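Treat the numbers as computed from the prediction; the structure is a model and nothing was measured.
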Amino acid sequence: MNQDPAHVYARQSATTADYLVVLKQAMHSHQADDLDTAERLYREVLELRAAQPDAMHYLGVLCHQRGRSDEGVRLIEAALKITPKHPDAHNNLGNIHKECGRLAEAERCYRKALECGPEHYNAQNNLAVVLEAQERLEEAFEAYGKLLQQAPKFAQGHYLMGMFLRNYAQSVEHIEQSVQCFRTAYQLDPRNLRALESLGVSLYALHRREEAAQVYRDWLAREPDHPIPRHMIAACGGAEAPPRADDEYVRSVFDGFADSFDEQLLKNLGYRAPQVLAEVLAGVLPAPAGDLDVLDAGCGTGLCAPLLRPYARHLTGVDLSGGMVEKARVRGGYDALEVAELTSFLQGHPQAYDVLISADTLVYFGELQDVLSASHAALRPGGWLVFSLETAEGDDDRVDLSPSGRYQHTRRYVERVLAAAGFADVRMGVDTLRKEGGQPVAGWVVLARRSSRSVQ
């Protein structure tokens, strides 16, 4: 029997209205970070309207946020088969590839987004970042310049250009140009406190110490309880250096970095600490057999996980920044992740680990005695500790707080506190672990062992 066309049309219209209402609700929940509700509603949309491209696209983004990146890629690719000229979908697919370290695939996605939407400045921003991450610096510089032409009011673009100029400075003029970029970024978006912090660092690099300190004093006057300017005033020599960076300072800095993976890529350009420490460990550990309990102390976004996983029966990551831990959770590879202050965490896990690695975390500790004693106690007899520090010149026993906000330690200081903590078989070498202001930053690579005999 033939159906009344008017009845069929009415039913289809009602279904369309239903799925649009549900899709709007799903997107609202997604924006509110209620991922459980958003996922349920996106899937409900796909039951009402199979292969609805917006639902597949946004569900793909959500799956990546929940650590199911491969599923996210499949969903967005399926959406693009239906709407192949959707620049936002190409851009978000690129973001997933970028955050999974697949930079060439990410680049292709961003170029496709710009082909579909030439004025898509977020895709232009992301393209510049992945070109920089691939060390194609001339192309990256051109891409950042094009971004600022397209979107001169985009504060983040000015901030990233400033970081690029400072990271790859070949002359004083490049540092001076970074100062203007950071000033512009902050003027356009006063919430961009990283631009303000970076402005002070660039001024200090230009030996304009009093100007740098004044930036931080003005900031502190506006926000008396903010931990970053308080710490950075001390780093500029305007106050007594604390024995270690305040927890709130570290949390503020790294939660800020974790907000955008773009900054993580920038921060990690030329950053070799995880690989260097893993190579040092490989020289003293047996062949990887997946039989060790390993702690990544200050795990950040999880860069050490793939290097440690072959050795680990159980791999734990701990970090003070909840935002960084969430990035590590998405990256995967850990059996457990904890948000905690490091010394307290170690003190609560006596003789729990065979290996303890700490890449660029103890640079936020001036006095190392407590954290190294806690590390010794957290290792089993015969266990290994490997960590990196920034070097301070000289033969004396000394700790300096540098203008970067990180601490630098002399060899004599490190050797003394390791011995006091009970470590034996101490080995220290120097390597370049990152670049800053276009210049290599020398770092200590330290390996030490807990005695194979238990202390009674």
Is the distance between the ring centroids of Tyr364 and Phe254 under 6.0 Å?
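Yes, the ring centres sit under 6.0 Å apart.
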Identify, with sequence neighbours excluded, every residue that meets side-chain hydrogen bond (donor to acceptor under 3.5 Å, both in side chains) alongside Glu197.
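Per chain and number, Glu197 pairs via side-chain hydrogen bond (donor to acceptor under 3.5 Å, both in side chains) with no residue.
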For Gln275, side-chain hydrogen bond (donor to acceptor under 3.5 Å, both in side chains) partners two or more places apart
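With sequence neighbours excluded, Gln275 shows a side-chain hydrogen bond (donor to acceptor under 3.5 Å, both in side chains) to no residue whatsoever.
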Heavy-atom side-chain contact between Leu35 and Asp33 under 4.5 Å:
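The answer is yes; the side chains approach within 4.5 Å.
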Leu281 vs Leu307 side-chain heavy atoms within contact, under 4.5 Å:
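They are not in side-chain contact.
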For Arg191, I'd like to know if atom CZ has over 12 heavy atoms of other residues, nucleotides or ligands within 6.0 Å.
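No, not enclosed.
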Set of ring-ring contact (aromatic ring centres under 6.0 Å, His included) partners for His226, sequence neighbours left out:
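For His226, the residues satisfying ring-ring contact (aromatic ring centres under 6.0 Å, His included) (neighbours in sequence not counted) are Trp219.
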Quick one: list whatever passes ring-ring contact (aromatic ring centres under 6.0 Å, His included) with Tyr186, sequence neighbours left out.
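Counting only residues at least two positions away or on another chain, Tyr186 forms no ring-ring contact (aromatic ring centres under 6.0 Å, His included).
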Sequence neighbours left out, cut at 3.5 Å: what donor-acceptor pairs do the side chains of residues 231-244 make with other protein atoms?
| unit_1 | atom_1 | unit_2 | atom_2 | d |
| --- | --- | --- | --- | --- |
| His231 | NE2 | Gly405 | O | 2.8 |
| Arg244 | NH1 | Glu341 | OE2 | 2.8 |
| Arg244 | NH2 | Asp247 | OD1 | 2.6 |

Going by atom type alone, with no hydrogens or angles, which donor-acceptor pairs under 3.5 Å involve a side-chain atom of residues 382-389 and a protein atom two or more places apart or on another chain?
| unit_1 | atom_1 | unit_2 | atom_2 | d |
| --- | --- | --- | --- | --- |
| Ser388 | OG | Asp360 | N | 2.8 |
| Ser388 | OG | Asp360 | OD1 | 3.1 |

Quick check: does any side chain N or O of Asn167 sit under 3.5 Å from a backbone N or O of Met163, one acting as donor and the other as acceptor?
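A pair under 3.5 Å: yes.
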Residues Asp335 and Arg309 bridged, charged N to O under 4.0 Å
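Yes, Asp335 and Arg309 are salt-bridged.
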Under 4.0 Å between a side-chain nitrogen and a carboxylate oxygen: does that hold for Arg194 and Asp189?
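No, this pair does not count.
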